Amino acid sequence: MSTPCAQHHTGASASIHNQEYFNKEASNYDTKHEKTLNRLLEEIRGRLDFIGADWVEADDEDDDDQAVKKDERPQKSVRLLDYACGTGLVSRALAPYTTQCVGIDLSENMVATYNTRAENQGLAASEMHAYQGNLCVPDDPNPAAFASPEFFNFDVAAVGLGFHHFDDPSLAARRLAERLNTGGVLMIVDFMPHGTPDASHPAAHTITHHGFSKDHIRRIFEEAGVGRDFALEEMAVVFHIEKENGAVVRRNLFIARGTKA
Ligand SMILES: C[S@@+](CC[C@H](N)C(=O)[O-])C[C@H]1O[C@@H](n2cnc3c(N)ncnc32)[C@H](O)[C@@H]1O
């Protein structure tokens, strides 16, 4: 995982490397990162007010007597686009407060794991489902596979730990902003600026940015038209990446949000 703001991977596109790498990682991604992903899930859930969407009220499982179950309440719709969704961390964190989670990821194996987990939780495809694809191809602004209305008008678009893998995070932010309702929120979780990773690390080719400064992220949000009420916080959780020689690299994480004006 990982990159300073202006440093870029030297290949033509990181997408090929990402697809290949994460297809191999998919079957053990959740186990390998279990502890950190669980903590990250809690950190995201603990910031519902910070993210600031008009969330659905989650069912209170302890309050059997008077709880009006989510299905029985007059439903508003709160739709999440979980981009670079991987196995579904962001969707799982926010699912109780949304009515639909739609994932998109480059890696078909990550998508398959996302969908298996959703099905195992008893969720219908209309509630949580992911699709393989790439919204960040420069000369394909509206890919045919994602041109139908179900892939637009989201209330929240989120990228968890994906920005540092993208060739052009600014393009990604613009493409996601286009798919938000006015008043919708873009949320990014990624690494604070850090040193250059060891080139021998298997993920080194998938990484395009060595973390992001607050100013860089603010600029990306503003240029994408989602800079209203921009805010960024450092999270308490630290991502641990184990290198092949057993050494552990620590990455500090931020969460940023902004509203589409
Ligand atoms: C570190 S994983 C994060 C997965 C998940 N969001 C999480 O927080 O656990 C990065 C994900 O980004 C995906 N990815 C990389 N480049 C992408 C792109 N251009 N479009 C869509 N997904 C991409 C990879 O396939 C991988 O699943």
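Since we're looking at a predicted model, the values are computed, not measured. Start at 1 with the first residue, then count along the sequence. Whatever order the structure lists them in is the order used to number ligands and atoms, beginning at 1.
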Original post:
What part of C85, side chain, backbone, both or neither, has a heavy atom within less than 4.0 angstrom of ligand 1?
Top reply: backbone

Original post:
Charged N to carboxylate O under 4.0 angstrom, E43 versus R47?
Top reply: yes

Subject >> Contact partition for L89 relative to ligand 1, non-hydrogen atoms under 4.0 Å >> reply: side chain

Original post:
Just by modelled atom types, is the E34 backbone N or O under 3.5 Å from a matching donor or acceptor in the R39 side chain?
Top reply: no

Subject >> D105 N/O to ligand 1 N/O under 3.5 Å >> reply: yes

**OP:** Check each of G162, G160, P169 against atom 3 (C) of ligand 1 and report the one with the nearest heavy atom.
**Re:** G160

Subject >> ligand 1 contact by Y83, heavy-atom criterion under 4.0 angstrom >> reply: yes

**OP:** Drop me the distance from E20's CD to N23's CG, to the nearest 0.5 angstrom.
**Re:** 8.5 Å

**OP:** Let me see the working for E25 and K32 under salt bridge (Lys or Arg N to Asp or Glu O under 4.0 Å), right down to the final yes or no.
**Re:** CA-CA 9 Å; E25 280 291 288; K32 190 165 156 189; 2.9 Å; yes

Original post:
With a cut-off of 4.0 Å, which atoms of ligand 1 are near a heavy atom of M110?
Top reply: 27 (O)

**OP:** Measure the shortest side-chain to side-chain distance between I44 and M235 over non-hydrogen atoms and say whether it is less than 4.5 angstrom.
**Re:** yes

Original post:
Taking only residues two or more places apart in sequence, or in another chain, which ones meet F254 in a ring pair (Phe, Tyr, Trp, His ring centres under 6.0 Å)?
Top reply: none

Original post:
Can you list the atoms of ligand 1 that are under 4.0 Å from a heavy atom of S107?
Top reply: 25 (O)

Original post:
Among F163, Y114, Y29, which one has a heavy atom closest to atom 9 (O) of ligand 1?
Top reply: Y29

Original post:
Counting heavy atoms only, which of D82, L106, L161, L37 comes nearest to atom 18 (C) of ligand 1?
Top reply: L106

**OP:** Please round to the nearest 0.5 Å and tell me the distance separating atom CD1 of I217 and atom CD1 of I255.
**Re:** 12.0 Å

Original post:
Among the heavy atoms of N134, does any lie under 4.0 Å from an atom of ligand 1?
Top reply: yes

Subject >> ring pair (Phe, Tyr, Trp, His ring centres under 6.0 Å) partners of F154, counting only residues at least two apart >> reply: none

Original post:
Any nitrogen or oxygen of H165, main chain or side chain, under 3.5 Å from a nitrogen or oxygen of ligand 1?
Top reply: no

